[in-house]
Amino acid sequence: MSRDIYRRVENGEMTIRGLGQDDLPEVLDIECQGYSFPWSESIFRGCFRPDYRLWALEICDRLSAYAVVAYMAGEAHLLNLCVAAGQRRSGAGRRLLRHLVAESARDGMSQVLLEVRDSNTGAMDLYVSEGFSIIGRRPGYYPGGREREDALVMALAVDNQCGYHGPP
């Protein structure tokens, strides 16, 4: 990570807040940059409900990443985390991931679960570096070109007594 990014974090130029429906045009733009098969606006609108947490990360007051987390049966399920193309490898994804894990712990969740494309080594490296472990595989989970792609299921136990303190 460059020194400039560290300065942005230190200076408070990288902030996290709740995602609102007014953010959807920017979210949809980032979503289309990040995925071959992006979520639709109606899918995002369906996530604004009490058992979901939606987070926005801003860099210099510009929406640069978002995350969608569903709370189910005492577990937080990370459904979507995407960083704008120009902000990838800036620490934004890691900062947002740490935030949502910490919030999940504060909200009493026992673990954070997620699925990641088998081919998405960058995301898998991030998750492993933050303490997530592979616990399963979902064959044909993601749409693909001619064939569907497997997802790896990853999990991170969180201590809801003390919160999340980063990888072991």
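All figures in this text were calculated on a predicted structure; none of them were measured in a lab.
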Tyr35 and Asn80: side-chain donor and acceptor closer than 3.5 Å?
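Result is yes, a qualifying pair exists.
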Taking atom types as modelled and ignoring hydrogens, do the side chains of Ser64 and Glu58 form a donor-acceptor contact shorter than 3.5 angstrom?
no
Provide the closest heavy-atom pair for [X] versus [Y] in the form atom of the first, atom of the second, distance.
X      : Y      : value
Pro38  : Glu31  : CB-CG, 3.4 Å
Ser90  : Ile59  : OG-CD1, 4.3 Å
Gln87  : Ala92  : O-CB, 4.4 Å
Pro139 : Asp150 : CA-OD1, 3.1 Å
Leu113 : Ala155 : CD2-CB, 3.5 Å
Val116 : Ala123 : CG2-CB, 3.8 Å

Residue pair [X] / [Y], side-chain heavy-atom distance below 4.5 Å:
X      : Y      : answer
Ser110 : Val158 : no
Ile30  : Leu63  : yes
Phe132 : Leu97  : yes
Tyr52  : Val69  : no

Which residues pass the ring pair (Phe, Tyr, Trp, His ring centres under 6.0 Å) test with Phe44, sequence neighbours left out?
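Partners of Phe44 by the ring pair (Phe, Tyr, Trp, His ring centres under 6.0 Å) criterion, ordered by chain and then number, come out as Trp39, Tyr66.
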How far does [atom1] of [X] sit from [atom2] of [Y], to the nearest 0.5 angstrom?
X      : Y      : atom1 : atom2 : answer
Asp29  : Cys82  : CG    : SG    : 10.0 Å
Met124 : Ser129 : CE    : OG    : 12.5 Å
Gln21  : Glu41  : CD    : CD    : 9.0 Å
Arg98  : Ile16  : CZ    : CD1   : 11.0 Å
Arg94  : Leu81  : CZ    : CG    : 11.5 Å
Asn120 : Leu126 : CG    : CG    : 9.5 Å

Are [X] and [Y] grouped together when hydrophobic residues (ILVMFWY) are joined by side-chain heavy atoms under 4.5 angstrom apart?
X      : Y      : answer
Val27  : Trp55  : no
Val128 : Leu78  : yes
Tyr127 : Leu79  : no
Val101 : Val68  : no
Leu156 : Met109 : yes

Salt bridge present between Arg17 and Asp23 (N-O < 4.0 angstrom):
yes
Can we say Arg53 and Glu103 salt-bridge, meaning some charged N sits less than 4.0 Å from an Asp/Glu carboxylate O?
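Salt bridge: no.
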Test salt bridge (Lys or Arg N to Asp or Glu O under 4.0 Å) on Asp118 and Arg137; report intermediate values, then the result.
CA-CA 9 Å; Asp118 196 18; Arg137 174 180 293 273; 3.2 Å; yes
Please indicate whether Asp61 has more than 12 foreign heavy atoms, meaning atoms of other residues, nucleotides or ligands, lying under 6.0 Å from its CG.
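No, the 6.0 Å shell around CG holds no more than 12 heavy atoms from other groups.
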Taking everything shown except Asp22 itself, do over 12 heavy atoms lie less than 6.0 Å from its CG?
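Not buried by this count: 12 neighbours or fewer within 6.0 Å.
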Flag, side chain of [X] to backbone of [Y], donor-acceptor distance under 3.5 Å:
X      : Y      : result
Arg148 : Tyr141 : yes
Gln33  : Ala85  : yes
Arg88  : Val83  : yes

Mind checking what makes side chain to side chain donor-acceptor pair (under 3.5 Å) contact with Arg62, not counting sequence neighbours?
none
Which pairs of donor and acceptor atoms, one on a side chain in residues 70-77, lie under 3.5 Å apart (sequence neighbours left out)?
{"unit_1": "Tyr71", "atom_1": "OH", "unit_2": "Asp107", "atom_2": "OD2", "d": "2.8"}
{"unit_1": "Glu75", "atom_1": "OE2", "unit_2": "Gln111", "atom_2": "NE2", "d": "2.6"}
{"unit_1": "His77", "atom_1": "NE2", "unit_2": "Glu115", "atom_2": "OE1", "d": "2.8"}
{"unit_1": "His77", "atom_1": "NE2", "unit_2": "Glu115", "atom_2": "OE2", "d": "3.3"}

Before you tell me yes or no, could you show the steps for Met154 and Ile135 under side chain to side chain contact (heavy atoms under 4.5 Å, CB included), namely the whole-Å CA-CA distance, both residues' side-chain angles and the distance that decides it to 0.1 Å?
CA-CA 5 Å; Met154 302 184 81; Ile135 62 167; over 6 Å; no
